[in-house]
Structure formats: structure tokens, C-alpha cells
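Letters A, B, ... mirror the listed sequences (proteins, then strands); counts begin at 1.
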Amino acid sequence: MMYHDLFFAWRYTMKQASLIFYNGEGIEKNVSEIFERYLQSNSIFKDKSVLYHSYFPERILHRDYELMQLSSILAPAIKGYKPSNIFVYGGVGTGKTVCVRQVLTQLENVAKKHDAKLIKIIYLNCKMKKTADTEYRVLSQILESFNIKVPETGLPTEILYKKFFEEVDKKDQTIIIVLDEIDALVRKIGDEFLYNITRADLEQARISLIGITNSLTFSNSLDIRVKSSLGEEEILFKPYNAMQLKDILMQRAELAFYKISEEVIAKCAAIAAQEHGDARRAIDLLRVAGEIAERVGASEIKEEHVDMAEEKISVDCVLEAIKSLPKQSQAVLHSILKLTENKNSVMTGEIIIKYRELCRKNGLRILTQRRISDILNELETFGIIEAKVISKGRYGRTREIELSIPKEILDHVKRNIYANFK
DNA sequence: AGGTATTCACATGAAACTATTCTCTGAGTTAGG
DNA sequence: TAACTCAGAGAATAGTTTCATGTGAATACCTGT
């Protein structure tokens, strides 16, 4: 049976191939030309992986104080005492995650080397859809790191708690759970989960939590009890300034490129510094600029490539968001696009009317106003529209909505969305 | 004129509901000894 | 009798509806001068 299928698959590909070989002489030439050219062009990247988010630098710059704080708080774990729970906050791209992860791996290494008390680190990113964004899934992830597999659904959550505490309490060990983007988790499922974990009573094991968030006001939204136990220690990561960003970029660029000018790096640093000192953004900028330079066949990144990269990043972001929008959200966006063709701001009420009309035409289920309101909020967080709540006095309160899609891609977006309805 | 009350058109929040996917359990069925 | 099948109960989850409550300022309505 299987061989049979394979045979046909093979036949099929051969047929495709023969099409190229015998009927498409021109195509063949073009394609191979691209490959040839690619081979010949010497890449300006030495090692591109250094510029991806997944890369963790060996040495973290300009975070000595924070690293020290972290390690001194966590040190007791080596001797088998429970370290305080830590609450790490600071803006995006300020190095929170990198620092925490580095300190923890070192802690683990030292403990292993000196045969100290057992330490187990569990890192979870709570914003990862379908991975750790609910109480159940977080627990299941934690259990997985103990090599206990649990089904995705069907089991009561209490069972997972029971399994987890049982497993943890088997040995005299310190478990350190890192919850990255903890604010996303709490917003979604509340803080009961944190309470349950921090107040677990165990015979011999100890559990410490490290919560990482980029929302400075996050801790206020917590239950007092949780707040006091999770926030035993707090560490604040300040944004990098332009000089520090420059150093960081320099460090990466040396590994990533064969050669690069200082002006380019300064430019990336300056742009990112304006946007809350986000190092991740600076590095993205550098990478995309490199990609652009490579594509246009330049031998080195120029400042104009950085400008183009800045443009491209924002455009890609919007385009990506729009493409992955569910049907209903697209319908709402469709209505907004239509309405903004002859004016630049619309109100919720107008959108609702247009939207209902569109649904009737397309045989789509009409959602309630409440839901549309939420969809509008979602579109705003994607950066597709800009909505501010205004009061028009006697004439009620509404959202004033404007498109924030860059002009250059507006037509592209329209074609994309309009094609799906009529 | 100056002050206050009303009112509009939604916003915002919480809880309940729906559909889907999945587990677990136990009763009934089947095949082999 | 062990192994398998299958239906029903119960969970988790995403997406939504239902119900309830909130809200800011332009207007309407007073009040006293």
C-alpha cells in the first residue's frame, strides 16, 4: 500500500520535472541563474543566527547590576534554602529574559559541578499560544519537564496539580519556575494559579517563582496575598540608552557581519533608543537592513538600508497581522476600509451598519455589537486601526476610528480583503 | 449668565452559553482457548 | 476470560451571546439677577 503511494508520488514529481526540462527551457535557465547568482554573491553575513531572537549572547552588556541582584537573590538555592520569589519588570527588549536565563543556567551549572542541592529550572513563556496560556497548559508544560505526559484536554485541572506536587515532593530539591510574560497569563486566567503555586505546602521540596513582565503596573492588578508573596523581591530593568544599544549592537555585529560601518550601527541604536530603548528592535533593524543590502547586491550595509529596514519591519508587521485575521474580523475591517474611502474617521455605529449589510450579502453570521466592539479592540492592538473613545456629548459616546495602515500597502491590503467578500 | 440635570450611543465587565475536542469509565461484544 | 468496542459523562477551550452597568460632555432645563 505504502509503496504504491510512493510510486505514484514519484511518478508525479517526474512528470512535473519533465515539464520543466522539456517545455520550459526559459524557466530552467532563469531558475538556475538565480541559484548561480546566489552562490557567487558573497554574503555580507558571517553568521546570521546571532541576530535572531533565539540567540543568547555569552556576555550580557550593561546589565551587571541586575545580574548581580538576581544571582544574590537566587544563591540560597545552592545550599538548599528557598530563594525569594522574584518579580522582574521592565520594558520590551531591556534584557529581562536573557539575564534571568543566563543567571539560572549558571546557577544550575554551579550546583551540578559542586554536587550541591538539586536545582531544577522550568522556563515558560506564557504568551505562547497553545503552549502556556492557560492554567491547564502551564501545568502540563511543567509536568512535561518532569517527563510526565498529560493529555491536552479531558482531565480535570486538579489532577494536574496533584501530579505536580507529588512529583516535586519526591526529592529534596529546589524548583525554580520562570513565568515569562506573566501579565498575559494573569489577564487571561486570573491570579489563582499563582496563589496555588506559591502557597503549596511540601515536605521536602521548595518552589520559587520568577515572574517576568513588561507591564509596570502589572503588580497592582494582583490579589494582595499573591502580590505580597510573589513580590518578595523586585528587580527593575531600565531601558538602554543609545550608547548602550550601540555597544550591544557592536557585540552582535562583529559576529554577524564580515564588515560593517559604525554609522550604520549608530543609526540602528538611535532609532531603537527613541523607541523605549528596545534592544530587540535594534537587532531586528540590523538584521533586516542586512537582508535588504544583500538582496540589492550591496557589499556592505549602508544607512539607507536601515531606513528601508525600518519601513519594511512596520509594513511586514501589519501585513502579517492582516493575513492571519479570522473571517469575522476581516469583515469588520472590510467595512472600515469601505467607509474610510471618502473620509478619514468612522464611528462604531456606522461600522456596525455596514458590517451587517456585508454579512447579509455574504451569508455570514451576524455577530452582536458587543463582539464587534471587542474585534475593534483587537484590530487596534494589531496596529491596523487607531481607535480612541470620544464623547460627543448629547450625541453619545463612541470610538473614533482611523486606519493606521501605511499608504504604500493600503491598496495591497484592500485587494486582499475585498477579494474575500462580495 | 451660571449652574445642574439629562441624555445619548456606545464602552466595558462579568457570567453564561455553544460547539468541539479529548479522556475516562464501564457495559456490552467478540475471539480464542 | 481477556481483549476490544462503543456510548455516555465530564473537562478544557475558543468564541460568542446575554445581561448589567458605566461614562463624558453637549444640550435642556432651571434659577436668580
Under 4.0 Å between a side-chain N/O of [X] and OP1 or OP2 of [N], yes or no?
X	N	value
R365(A)	dA19(B)	no
K188(A)	dA14(C)	yes
S391(A)	dA26(C)	no
T153(A)	dA11(C)	no
T368(A)	dT16(C)	no

Checklist entry - Under a 4.5 Å cut-off applied to non-hydrogen side-chain atoms, are Q141(A) and V138(A) in contact? => result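 A side-chain contact under 4.5 Å is absent here.
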Checklist entry - Taking C-beta and beyond as the side chain, do L104(A) and I210(A) meet within less than 4.5 Å on heavy atoms? => result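 They are in side-chain contact.
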Checklist entry - Looking only at side chains, do Q369(A) and Y355(A) share a donor and an acceptor under 3.5 Å apart? => result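 Per modelled atom types, Q369(A) and Y355(A) side chains form no pair under 3.5 Å.
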Checklist entry - Do D183(A) and S215(A) have a side chain donor and acceptor closer than 3.5 Å? => result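 Distance-only check fails for D183(A) and S215(A).
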Rounded to whole angstroms, how far apart are [atom1] on [X] and [atom2] on [N]?
X	N	atom1	atom2	result
Y395(A)	dA26(C)	OH	P	11 Å
I159(A)	dA12(C)	CD1	P	10 Å
I401(A)	dC10(B)	CD1	C1'	11 Å
E400(A)	dA9(B)	CD	P	16 Å

Next on the checklist: For T398(A) and P151(A), find the nucleotide of DNA chain B closest to each by heavy atoms; which residue's nucleotide sits nearer the 5' end?
Outcome noted: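 Closest to the 5' end, via its nearest nucleotide, is T398(A).
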Checklist entry - Which part of the nucleic acid does L367(A) contact within heavy-atom distance under 4.0 Å: base, sugar-phosphate only, or nothing? => result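 Sugar-phosphate: the residue L367(A), judged by heavy atoms under 4.0 Å, touches backbone atoms but no base.
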Checklist entry - What is the nucleic acid contact for I189(A), judged by heavy atoms within less than 4.0 Å: base, sugar-phosphate only, or nothing? => result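 No contact.
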Item to check | Contacts of K48(A) that satisfy salt bridge (Lys or Arg N to Asp or Glu O under 4.0 Å) - sequence neighbours left out | outcome: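 Testing K48(A) for salt bridge (Lys or Arg N to Asp or Glu O under 4.0 Å), a comparison that skips the adjacent residues, returns E291(A).
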Checklist entry - Going by heavy atoms closer than 4.0 Å, what residues in residues 369-378 of chain A are next to DNA chain C? => result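 Residues of residues 369-378 of chain A under 4.0 Å from DNA chain C: R370(A), R371(A).
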Next on the checklist: Assuming nearest nucleotide by heavy-atom distance, tell me which of R137(A) and P156(A) is located more 5' along DNA chain C.
Outcome noted: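 Result: P156(A).
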Checklist entry - Honestly, is R287(A) close enough over F45(A), meaning NZ or CZ under 6.0 Å from the six-membered ring centre and within 45° of the axis? => result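 That pair does not qualify as a cation-pi contact.
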Next on the checklist: Ring of Y65(A), cation from K238(A) - is the NZ or CZ under 6.0 Å from the centre and inside 45° of the axis?
Outcome noted: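 No.
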